[in-house]
Amino acid sequence: VQLSISSKVQQALEHELLDAMTHFSAVGAAGIIMDIHSGEVLALTSLPQLNPNAAGQGSMEARFNRATLVVYELGSAFKPFTVAMAMDSGVVRSMGQIYNCPNELHVAGRTINDTHPFGRACSVAEIMMESSNIGTAQIADQLGPTGQKEFLGKMGFLDKVNVELKERGRTLTPGNNWGPLEVMTVGYGHGIAVTPLHLATGYATLFNGGVYHPATLLKVDRNHPARRGVRVFSEGASYKMRALLRLVVTKGTGGKADAPGYRVGGKTGTAEKLQNGRYTSAAVVTTFAGVFPMDEPRYVI
C-alpha cells in the first residue's frame with residue numbers, strides 16, 4: 001500500500017498549525033492539503049497530537065481526528081459555494097449584479113447582520129470581498145431549498161465524508177425544517193455542520209473545473225486510478241470563481257494568505273461555538289480555505 005501523504009508537506013503543515021494553535025491559545029487545530037484533480041490527500045493533521053507509543057497518556061482532546069470526524073459550521077468559508085450555485089442556476093449573471101445590502105436584514109422574526117455593514121446597494125464581487133451575510137442570504141434565497149440541497153448532495157455535503165478512515169463525521173443539517181430562513185443561513189455557512197475534509201473536497205470540486213472526486217489517502221497511479229468524478233459546477237462558474245477568490249486575498253478579508261509567488265485565492269470563515277446550548281462570540285472556530293496557484297489551480301489548503 002502506497003499512501004498519497006507527502007512527509008515533507010505533512011511536516012510543514014503540522015509545524016504551521018502548531019505555531020498558530022500556540023499563538024492563539026486554541027484547544028485544537030486541523031489542516032488538510034489536497035491535490036484538487038485526483039483527490040489525493042498530501043497532508044492531513046489533527047492537533048493536539050496523540051503519541052501511539054505512549055499508551056494511555058494522550059489527553060481527551062487528542063483522542064479523535066478533528067479533520068475527518070468533527071463537524072462544525074463553516075461560516076463565511078461556505079459563501080463561494082452559494083455564489084457558484086447561483087451562477088449555475090441563472091440567479092447570478094455577473095459579478096457586477098447588484099443587491100440591496102441594508103445594515104440589517106429581518107427574516108422570519110430574526111435579524112441577519114454584517115461585520116462590515118454596507119448600508120447601500122452592493123455588487124456580488126463586493127459581497128464576497130467584504131464577506132456580507134446579508135448579500136449572500138439574498139442570493140441563497142433566490143436559489144431556494146430545492147436547488148441548494150441538490151448542489152450540496154452532489155458535493156457529498158449531506159453524507160459522511162468519503163475517505164478510507166473509520167472516523168468520518170455525520171453532517172448536521174436543518175433536516176425537515178429547511179425553510180426560507182434556513183436557506184439563507186445555510187447560504188452563509190450557518191445551520192449546516194460538516195468536517196474540514198468536506199470543506200477541502202468542496203473547494204477542490206469548485207476550483208478544479210467543477211467535478212467532485214472523493215478524497216483518497218492512497219497514491220493515485222495505474223495501480224490505483226482516480227475514482228470517477230461527478231459534475232457539480234460548470235467549468236464557467238469554476239473559472240469565474242477563481243478571480244473572485246483571488247480578489248478576496250488581494251483586496252478582501254484574506255489578505256494574510258497572499259503569499260508572494262503562490263497566487264493564492266481563498267476565503268476566511270468564523271463560526272461561533274455552542275456553550276451550554278447557546279452560541280457565544282467568546283469562543284469561535286476560525287477557518288481559511290484556499291487554492292493555489294489561482295490561475296491554474298492544483299492544490300487546496
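Every heavy atom of this structure was used, including side-chain atoms; hydrogens, water molecules and symmetry mates were not.
Residues Y203 and V41 share a hydrophobic cluster, clusters being chains of Ile/Leu/Val/Met/Phe/Trp/Tyr side chains in contact below 4.5 Å. The hydrophobic cluster containing F207 also contains F78, counting ILVMFWY residues as joined when their side-chain heavy atoms lie under 4.5 angstrom apart, directly or transitively. In the hydrophobic cluster analysis, where Ile, Leu, Val, Met, Phe, Trp and Tyr join through side-chain heavy atoms closer than 4.5 angstrom, L143 is grouped apart from L105. Placement of V71 and V161 in two distinct hydrophobic clusters is found when ILVMFWY residues are connected by side-chain heavy-atom separations under 4.5 Å, directly or transitively. There is no path of hydrophobic side-chain contacts, each under 4.5 Å, that joins M184 to L74.
Residues T268 and T253 have side chains that bring a donor and an acceptor to within less than 3.5 angstrom of each other. S132 and Y99 share no donor-acceptor pair across their side chains, judged by distance under 3.5 Å alone. Under the 3.5 Å distance criterion, with hydrogens and angles disregarded, no donor-acceptor pair is assigned to the side chains of S94 and K240.
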Could you check E126 against R120 for side chain to side chain contact (heavy atoms under 4.5 Å, CB included), going step by step and ending with a plain yes or no?
-> CA-CA 11 Å; E126 288 178 313; R120 60 172 173 82; 3.2 Å; yes
Determine, stepwise, if the pair M87 / M95 fulfils side chain to side chain contact (heavy atoms under 4.5 Å, CB included).
-> CA-CA 10 Å; M87 283 182 183; M95 298 300 179; 2.9 Å; yes
Apply side chain to side chain contact (heavy atoms under 4.5 Å, CB included) to the pair T115 and S131, showing each step before the final yes or no.
-> CA-CA 8 Å; T115 305; S131 202; over 6 Å; no
Step by step, would you call K79 with I139 a side chain to side chain contact (heavy atoms under 4.5 Å, CB included)?
-> CA-CA 10 Å; K79 290 173 182 172; I139 295 172; over 6 Å; no
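Side chains of K273 and V285 form a contact here, defined as non-hydrogen atoms less than 4.5 Å apart.
Among all heavy-atom pairs drawn from M128 and P80, the shortest one is CE-CG, 3.6 Å. The shortest heavy-atom contact between P174 and G191 is CD-O, 3.2 Å. Closest approach of A226 and V220 over heavy atoms only: N-CG1, 3.5 Å. Minimum heavy-atom separation, N133 to I112: CB-CG2, 3.9 Å. Nearest heavy atoms, A84 versus M241: CB-CG, 4.1 Å. The nearest pair of heavy atoms linking Y72 to T195 is CE2-C, 4.4 Å.
For R170, the CZ atom is loosely surrounded, since the number of other residues' heavy atoms within 6.0 Å does not exceed 12. A 6.0 Å sphere centred on CZ of R63 holds more than 12 heavy atoms belonging to other residues, nucleotides or ligands. The neighbour count for K149 NZ, taken as heavy atoms of other residues, nucleotides or ligands under 6.0 Å away, is above 12. Annotation for H106: atom NE2 counts as buried by contact number, over 12 foreign heavy atoms lying within 6.0 Å.
A salt bridge links R66 with E61: at least one charged nitrogen is closer than 4.0 Å to a carboxylate oxygen.
Through direct or indirect side-chain contacts shorter than 4.5 Å among Ile, Leu, Val, Met, Phe, Trp and Tyr, V9 is connected to L13, L17, L18, M21, I33, L42, L47, V249, Y262, V264, F288, F292, Y299, I301. The hydrophobic cluster containing V211, built from Ile/Leu/Val/Met/Phe/Trp/Tyr side-chain heavy atoms closer than 4.5 Å, comprises no other residue.
The side chain to side chain contact (heavy atoms under 4.5 Å, CB included) test applied to L218 returns V1, L3, E164, T216, H224, not counting sequence neighbours. Taking the side chain to side chain contact (heavy atoms under 4.5 Å, CB included) definition, one finds that L165 meets it with N65, T68, V163, L217, sequence neighbours left out. Listed by chain and residue number, Q10, T45, Q49 satisfy the side chain to side chain contact (heavy atoms under 4.5 Å, CB included) test with E14 (two or more places apart in sequence, or in another chain).
At least one donor-acceptor pair under 3.5 Å links the side chain of Q148 to the backbone N or O of V183. Side chain of R298 to main chain of H37: no donor-acceptor pair is present (N/O by atom type, distance under 3.5 Å, no hydrogens or angles). Under the 3.5 Å distance criterion, the side-chain polar atoms of Q97 are matched with a main-chain donor or acceptor of R93. With N51 contributing its side chain and N53 its backbone, the two residues share a donor-acceptor pair below 3.5 Å. Under the 3.5 Å distance criterion, the side-chain polar atoms of K267 are left unmatched by any main-chain donor or acceptor of V248. A donor-acceptor contact shorter than 3.5 Å links the side chain of S238 to the backbone of G209. One N or O on the side chain of D88 and one on the backbone of S234 form a donor-acceptor pair closer than 3.5 Å. Q138 contributes a side-chain N or O that, together with a main-chain N or O of N100, makes up a donor-acceptor pair within less than 3.5 Å. A donor-acceptor pair is defined here as one N or O able to donate and one able to accept, closer than 3.5 Å; no such pair exists between the side chain of E182 and the backbone of P145.
Legend: ring-ring contact (aromatic ring centres under 6.0 Å, His included) pairs involving residues 135-176, not counting sequence neighbours, sorted by first then second residue: F81-F157, F151-F233, F157-H198.
Rounding to the nearest 0.5 Å gives a distance of 12.5 Å between CG of L197 and CD of E167. Here the NZ atom belonging to K219 is positioned 5.5 Å from the CD atom belonging to E40, to the nearest 0.5 angstrom. Residue I134 holds its CD1 atom at 7.0 Å from CG of N103, rounded to the nearest 0.5 Å. Taking CD of E73 as the start and OH of Y279 as the end, the distance is 3.5 Å to the nearest 0.5 Å. Here the CZ-CZ distance, from R263 to R242, works out to 11.5 Å after rounding to the nearest 0.5 Å. Taken to the nearest 0.5 Å, the CG atom of L245 stands 7.5 Å off from the CG atom of L206.
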